[in-house]
Number of protein chains: 4
Amino acid sequence: MLVTPFIYSFTLRLHDTDAAGRLFFAHLFRHAHDAFEHLMTALGTPLETMIRDGQTLLPLIHAEADYHQPLHHGDCVQVQVTITEIRRRSFALHYVFLNQRHEIAATAHTVHCQINADGSAAEALAPTLRTAFTRFHHSAIT
Amino acid sequence: MLVTPFIYSFTLRLHDTDAAGRLFFAHLFRHAHDAFEHLMTALGTPLETMIRDGQTLLPLIHAEADYHQPLHHGDCVQVQVTITEIRRRSFALHYVFLNQRHEIAATAHTVHCQINADGSAAEALAPTLRTAFTRFHHSAIT
Amino acid sequence: MLVTPFIYSFTLRLHDTDAAGRLFFAHLFRHAHDAFEHLMTALGTPLETMIRDGQTLLPLIHAEADYHQPLHHGDCVQVQVTITEIRRRSFALHYVFLNQRHEIAATAHTVHCQINADGSAAEALAPTLRTAFTRFHHSAIT
Amino acid sequence: MLVTPFIYSFTLRLHDTDAAGRLFFAHLFRHAHDAFEHLMTALGTPLETMIRDGQTLLPLIHAEADYHQPLHHGDCVQVQVTITEIRRRSFALHYVFLNQRHEIAATAHTVHCQINADGSAAEALAPTLRTAFTRFHHSAIT
């Protein structure tokens, strides 16, 4: 069983930075999504399979981030991911980005909604997704 | 005098999309920042000059977006930018992304804080910035 | 009739740069592809229509660039695009990137090959593409 | 001692793909540079330290890639990196990208030149760099 929070790590690369010498803020969202993809694979419901099959799409309807400490080129960053909410056809994730001194450099939050192949809202989350998310979510408490 | 909202337009390119056939969400923030850079130049306070001089840095402390309609490859997008708040050492911008049918495809919000070259919080916004922002902000009302 | 070279312009944004204070080299290819997309639209054969229809795909089989002068945040860059070769099922483009002093900052070269929806090599370039490319190519000489 | 080729692995993420359902070609160069950064750290000469110190910069003067097989979302890619040339003030790297069936999906080649902080060409490669590169280069033969 996966233990929550799910841990994903990465090294901040040159292309993540900008001329101000720090992480360009938008790239934090790219890393958050990498962590999400990694989690989905660990849950046995890889995103690439869903997109290839074209039946289940999980586009973001909301994304936000708070930046507390600058992140620099070469920093080893740990991302802690939790599922914070499971609704009828949507779910929310929270991300904590820790720098190498184990300080919170940033946090992020994303909300994903299941839609059908034609773009209409899904009746409800796919049962396999709901089961996987619920099991992972509960591992936080029990 | 600049009229608010400030208008910035772009065409959604192939690299903005992903295998799900839509805008990859994180790239919306890149376009928001492009609109912000464009506005700063129009205000006579180009970001590149500030970063090159190294005295005034305006990193983001918060960013968020809501996604209402998918954006696709080739879409002509209009961004309407307003300054929504001017505080002592920070300011906030709001962005409305309109698709070619003039529907709201997404909105975004960013908060920027002025810091010194050493990373410490600035005493207050640089006077030239405050003046430029205030004049632009007020053009919305008067 | 389009005159060759085709001109595409852009401003180098913060996210194009890295902590070394210059354009991150890989982003030059993104701008080259933007210029290519722009040209395709001008030729009446927009890339997004082809990808949406799914019958004609033009993936790159080769890309290269030479970097002569650094490009910096805020630089206004002009890209001059020419079609240098039209073969049976492939074509090649050349890009010259001029900085604001009208010096050659970089050059790039891409080769694209037409494939079918199933990934197999196309028998030949689509007639509309061949006609559009040939007309544009010849405008360089006549 | 590091054995050549140096191996770097990554999973192709959603943001690496485009609406045509494949890797957007320019992102291959981003991954090549990630592999280069990883190698530099393994050699004891991390790029971030050089850029932070500002004395030794290694901008690319040439980059090229050939694309043999499409790479898709979720693909596990192995990059094999070798140093192919060490000149007075420049060096060249070669990258082979293998897909999960261990087929060559792409190859890339980059040439880097050492410059001084003021942008002028360096007299010669820094001795620590030359030593590290030469040792790694020779591990291919001996």
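Proteins come first, then strands; the chains are lettered A, B, ... in the order of their sequence lines, and each starts at number 1.
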In terms of heavy-atom proximity below 4.5 Å to chain D, should [X] be classed as side chain, backbone, both, or neither?
{"X": "C:Pro59", "answer": "side chain"}
{"X": "C:Ile61", "answer": "both"}
{"X": "C:Leu28", "answer": "neither"}

TODO: Mind listing the closest non-hydrogen atom pair of D:Leu57 and C:Ala20 along with its distance?
DONE: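 Scanning both residues completely, I find the closest heavy atoms to be CD2-CB, 4.3 Å.
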Task: Closest contact, heavy atoms only, C:Phe25 versus D:Phe29 - done: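 Minimum heavy-atom separation between C:Phe25 and D:Phe29: CZ-O, 3.5 Å.
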Task: Most chain C-contacting option - heavy-atom pairs closer than 4.5 Å, from D:Ala63, D:Gly119, D:Ala26 - done: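 Result: the option with the highest number of such pairs is D:Ala63.
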Open item on the list: Within a 6.0 Å radius of atom CD1 on C:Ile7, are there more than 12 heavy atoms belonging to other residues, nucleotides or ligands?
Closed with: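 Above 12, so yes.
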How about the chain C/chain D donor-acceptor pairs under 3.5 Å, what are they, with distances?
residue: C:Ile61; atom: O; partner: D:Tyr67; partner atom: N; Å: 3.0
residue: C:His62; atom: ND1; partner: D:Ala65; partner atom: O; Å: 3.2
residue: C:His62; atom: ND1; partner: D:Asp66; partner atom: OD1; Å: 2.8
residue: C:Ala63; atom: N; partner: D:Ala65; partner atom: O; Å: 3.0
residue: C:Ala63; atom: O; partner: D:Ala65; partner atom: N; Å: 2.8
residue: C:Ala65; atom: N; partner: D:Ala63; partner atom: O; Å: 2.8
residue: C:Ala65; atom: O; partner: D:His62; partner atom: ND1; Å: 3.2
residue: C:Ala65; atom: O; partner: D:Ala63; partner atom: N; Å: 3.0
residue: C:Asp66; atom: OD1; partner: D:His62; partner atom: ND1; Å: 2.8
residue: C:Tyr67; atom: N; partner: D:Ile61; partner atom: O; Å: 3.0

